[in-house]
Novice: 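Below are the structure tokens for one structure; questions will follow.
Note that the structure is a prediction, hence the values are computed from the model and not measured. Side chains are part of it too, since the values below use all heavy atoms of this structure and drop only hydrogens, waters and symmetry mates.
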Amino acid sequence: MRLHFLSYLMLILLAAACRQATPPASDTTFAPLSHYDTQARALLAQMTLEEKIGQMIQAEQAFLQEPADIQTYYLGSILSGGNSDPAAGNSLQAWTEVYDSLQAIALRTRLGIPLLYGIDAVHGHSNVEGAVIFPHNIGLGCTRDPKLVEEVHRITAIEMRATGIHWNFAPCIAVARDERWGRTYESFSENPELVAELGAAAVRGLQHGGLRNPLAVLATAKHFAGDGGTTFGTGGPQGALLDQGDTRLDEATFRQLHVRPYLDAIRAGVGAIMVSYNSWNGVKMTGHRYMLTEVLKNELGFEGIVISDYNAIDQVHPDYKTAIELSINAGIDMAMVPTRYREFFRLLKELVEEGRVPMERIDDAVLRILRVKYAMGLMDGERAVFADRSLWAQFGSAEHRALAREAVRKSLVLLKNENRTLPLAKNLPRIHVAGLHADNLGYQCGGWTIDWQGGSGRITEGTTILEAIRKAVAPGTQVTYTEDGSGAQGASVAIAVIGERPYAEFLGDRSDLSLDPDDVAVVRRLKAAGVPVVVVLISGRPMIINDVLELADAFVAAWLPGTEGDGVADVLFGDYAPTGKLSFSWPRSMHQIPINVGDEPYEPLFPYGYGLTY
Ligand code: GLC
């Protein structure tokens with residue numbers, strides 16, 4: 001007996017000693033990327049010029065002229081852009097099979113370096129049918145809840161990993177300063193401090209447990225820098241008003257507003273940064289050597305991958321070869337070249353052979369790419385590369401949807417509530433619902449959902465706001481619905497769900513943010529029926545709402561809530577009191593825009609931080 005007791009005692013003491021010990025030096029969970037330089041440099045030393053150049057190219061899955069090009073051109077990365085679904089269809093299985101099949105080709109190259117596969121899972125794994133779609137960043141900004149934002153992105157990472165895909169072009173940490181910009185909803189806020197806090201939380205969530213965690217993904221802080229600060233009328237493509245335009249600011253202001261969030265993202269360990277299309281005082285960021293190399297890499301010490309945006313290199317100079325020279329020498333490490341990757345490969349090889357791009361610039365770029373691949377465990381062997389299909393069970397799960405529902409609840413901002421119209425009782429005789437956005441899953445998800453520009457109707461799995469209302473009320477309560485608002489007479493209350501149709505990027509630039517006249521007509525019709533009117537606005541930004549606000553007894557800004565419409569009903573019926581606070585100033589008229597907290601004078605319809613509760 002004595003012997004047993006002694007050995008038991010020893011075990012207890014040993015366990016306690018281990019717990020006390022500082023983690024062993026081998027705990028590389030959050031090691032800086034340069035921790036992997038020994039391995040990366042050893043591999044780099046074996047690489048030919050062609051293999052190095054191939055590592056720096058990210059082609060688009062849907063535009064691969066043939067899958068074998070991954071091997072022929074030693075491609076380092078593949079992306080799926082907003083509209084890039086597998087040929088076999090938009091299912092979890094089809095995505096997983098595409099991912100695995102392309103990785104298998106990469107492993108057949110001489111050095112067998114796996115691909116990094118990138119996608120815009122900007123509010124959930126939003127390209128893939130059945131994924132949970134979370135509120136877009138503008139709504140998350142109104143939660144003021146970094147822990148929630150971190151958890152939303154941790155879940156997003158897991159749903160991405162179910163398809164094998166492990167590189168997210170998120171979070172967007174734009175500081176949107178002019179709501180007329182079509183990407184306002186991708187921004188957490190007009191306030192750089194709030195963007196910095198929530199952007200870092202998103203990075204921690206996506207890269208949870210460290211890059212080696214098989215449930216984590218590589219995060220990308222984007223778009224560096226000044227994407228949300230462009231001057232109205234300087235927009236780039238296809239007549240855009242703001243998108244990809246020129247950000248005209250002195251350096252101190254530019255840093256304070258638009259570089260500021262990157263400090264927190266880098267401190268949170270973000271592994272990639274995507275460079276913005278826009279210019280700063282007339283110089284394209286993609287070719288901006290001072291900002292990409294001297295500031296981002298040297299001053300801020302960023303050790304990860306600097307990637308260009310989709311064909312952004314083309315905009316740097318009218319001659320493509322010169323554009324490549326300027327961009328790579330400025331500090332671009334990975335080139336997002338969706339279609340003309342063969343030409344890019346040839347031209348960059350020429351540039352190096354002609355001495356116009358120095359080999360040390362190529363080596364720095366490839367070192368950064370290899371650092372990330374080692375840090376993510378991709379170099380640990382085939383098992384670490386291919387998708388883990390056991391994660392399919394979590395994809396779109398009830399647990400994930402419950403988190404999204406919580407995010408919806410916390411993102412809603414109550415702007416008006418006369419005579420305690422809200423919360424609604426669940427046992428009213430009749431509730432009349434109206435408006436184009438009440439029963440349209442695509443509309444409530446917004447852009448970057450299934451398709452780049454989003455869509456209309458049942459584009460994926462989820463709960464519309466009308467369905468959520470019907471689920472929430474007592475059995476005896478009648479819920480009626482007309483799109484145009486007719487038939488409200490005699491109802492206990494009417495709910496109008498109105499707002500913007502989906503859009504993304506420059507196609508969302510608007511010079512006028514007035515409500516659609518049909519939406520105004522719906523609210524007028526409800527008012528004329530003589531019943532209390534609740535308005536729920538589905539939009540990617542504040543809009544000009546004055547006349548509808550007058551007619552409404554209660555008004556809720558719901559932003560772009562995503563698939564879990566139940567979160568809206570939770571607040572309408574008082575299961576949760578609204579706690580959201582505006583992350584953007586709400587303009588009184590178009591003449592006020594741009595209007596941001598800190599302006600003098602500052603007389604918005606609703607100020608930054610405004611939000612009522614019950
Ligand atoms: C787009 C966007 C960028 C996105 C990329 C890949 O043009 O600017 O946010 O990550 O292309 O889809």
Side-chain angles (χ1 to χ4, degrees), residues 31-58 73-77 111 113-116 118 167 211 218-222 224-225 262 265-266 269-276 284-309 312-313 316 321-337 341 344-345 347-376 378-379:
L33 289 169
S34 52
H35 170 85
Y36 298 92
D37 280 4
T38 307
Q39 298 158 287
R41 290 190 190 284
L43 179 54
L44 182 63
Q46 300 172 47
M47 295 171 74
T48 65
L49 174 59
E50 290 79 1
E51 288 166 333
K52 292 176 183 179
I53 288 174
Q55 274 305 304
M56 296 170 65
I57 296 174
Q58 180 183 72
Y73 294 90
Y74 312 99
L75 298 183
S77 179
L111 293 168
I113 302 172
L115 293 166
L116 281 170
W167 185 2
L211 285 172
L218 175 65
T220 312
K222 73 181 186 181
F224 186 82
Y262 289 85
I266 291 168
V270 72
I273 288 179
M274 187 183 294
V275 177
S276 186
K284 279 285 177 187
M285 286 304 296
T286 306
H288 209 297
R289 178 170 164 59
Y290 170 69
M291 287 304 297
L292 302 189
T293 296
E294 293 177 45
V295 173
L296 183 55
K297 292 182 178 181
N298 297 344
E299 179 191 324
L300 301 184
F302 178 61
E303 297 185 339
I305 300 170
V306 175
I307 181 171
S308 60
D309 203 336
I313 289 173
V316 172
K321 185 170 180 177
T322 306
I324 295 170
E325 175 188 13
L326 293 171
S327 305
I328 301 301
N329 285 339
I332 295 291
D333 303 313
M334 175 79 78
M336 190 186 294
V337 187
Y341 55 88
F344 181 95
F345 183 97
L347 293 174
L348 182 51
K349 186 164 179 281
E350 286 174 15
L351 286 164
V352 176
E353 287 163 348
E354 294 159 10
R356 291 169 58 182
V357 171
M359 183 59 87
E360 49 272 4
R361 177 69 272 275
I362 298 293
D363 287 347
D364 171 59
V366 178
L367 175 69
R368 288 165 176 271
I369 293 164
L370 295 179
R371 273 174 179 166
V372 169
K373 293 186 175 182
Y374 275 106
M376 292 176 73
L378 284 171
M379 310 301 286

Novice: Return the CG to CD1 distance between L351 and I53, rounded to the nearest 0.5 Å.
Specialist: 8.5 Å
Novice: Using the test side chain to side chain contact (heavy atoms under 4.5 Å, CB included), find all partners of L33 that sit at least two apart in sequence or belong to another chain.
Specialist: L211, E303, R371, V372, A375
Novice: Checking R289 side chain against L326 main chain: does a donor-acceptor pair fall under 3.5 Å?
Specialist: no
Novice: Testing the basics here: between L116 and K373, what is the closest heavy-atom pair and its distance to 0.1 Å?
Specialist: CG-CE, 3.7 Å
Novice: Of all heavy-atom pairs between K297 and D364, which one has the smallest distance, and what is that distance?
Specialist: NZ-OD2, 3.4 Å
Novice: What distance separates Y341 OH from I57 CD1, expressed to the nearest 0.5 Å?
Specialist: 9.5 Å
Novice: Please confirm whether the backbone N or O of S276 pairs with a side-chain atom of D309, one donor and one acceptor, at under 3.5 Å?
Specialist: no
Novice: Mind running side-chain contact (heavy atoms from CB on, under 4.5 Å) on L370 and Y36 for me, showing each step along the way?
Specialist: CA-CA 8 Å; L370 295 179; Y36 298 92; over 6 Å; no
Novice: What are the two closest heavy atoms between I273 and L296, and how far apart are they?
Specialist: CD1-CD1, 3.6 Å
Novice: Can you find a heavy atom in the side chain of K52 that is under 4.5 Å from one in the side chain of V352?
Specialist: no
Novice: Indicate yes or no for a side-chain donor-acceptor contact from N329 to the backbone of R356 under 3.5 Å, with no hydrogens or angles considered.
Specialist: yes
Novice: Would you please name every residue forming a side-chain hydrogen bond (donor to acceptor under 3.5 Å, both in side chains) with E51, sequence neighbours left out?
Specialist: T48, R110
Novice: Can you list the steps and then say if R361 with D333 is a side-chain contact (heavy atoms from CB on, under 4.5 Å)?
Specialist: CA-CA 9 Å; R361 177 69 272 275; D333 303 313; 2.5 Å; yes
Novice: Drop me the distance from M56's CE to I305's CD1, to the nearest 0.5 angstrom.
Specialist: 11.0 Å
Novice: How far does CE of M336 sit from CD1 of I307, to the nearest 0.5 angstrom?
Specialist: 4.0 Å
Novice: Taking all non-hydrogen atoms of both residues into account, name the closest pair between R368 and F302 and its distance.
Specialist: NH1-O, 2.9 Å
Novice: Do L49 and M359 have side chains that approach each other closer than 4.5 Å (heavy atoms only, starting at C-beta)?
Specialist: yes
Novice: Does some side-chain heavy atom of E354 sit less than 4.5 Å from a side-chain heavy atom of K321?
Specialist: yes
Novice: Are the side chains of Q39 and L44 in contact, using a 4.5 Å heavy-atom criterion?
Specialist: no
Novice: Considering non-hydrogen atoms only, spot the tightest contact between L292 and T286 and give its length.
Specialist: CD1-O, 3.8 Å
Novice: Atom CE of M291 and atom OH of Y262: how far apart are they, to the nearest 0.5 Å?
Specialist: 9.5 Å
Novice: Where do L75 and Q55 come nearest, in terms of heavy atoms and distance?
Specialist: O-NE2, 4.3 Å
Novice: Please test M47 against I113 for side-chain contact (heavy atoms from CB on, under 4.5 Å), starting from the C-alpha separation and ending with a verdict.
Specialist: CA-CA 11 Å; M47 295 171 74; I113 302 172; 4.0 Å; yes
Novice: Please name all residues satisfying side-chain hydrogen bond (donor to acceptor under 3.5 Å, both in side chains) with Y73, sequence neighbours left out, ordered by chain then number.
Specialist: none
Novice: Can you tell me how far CD1 of I369 sits from OG of S77, rounded to the nearest 0.5 angstrom?
Specialist: 8.5 Å
Novice: Do the side chains of L43 and Y374 get nearer than 4.5 Å, heavy atoms only?
Specialist: yes
Novice: Step by step, work out the side-chain contact (heavy atoms from CB on, under 4.5 Å) result for I324 and V357.
Specialist: CA-CA 9 Å; I324 295 170; V357 171; 5.9 Å; no
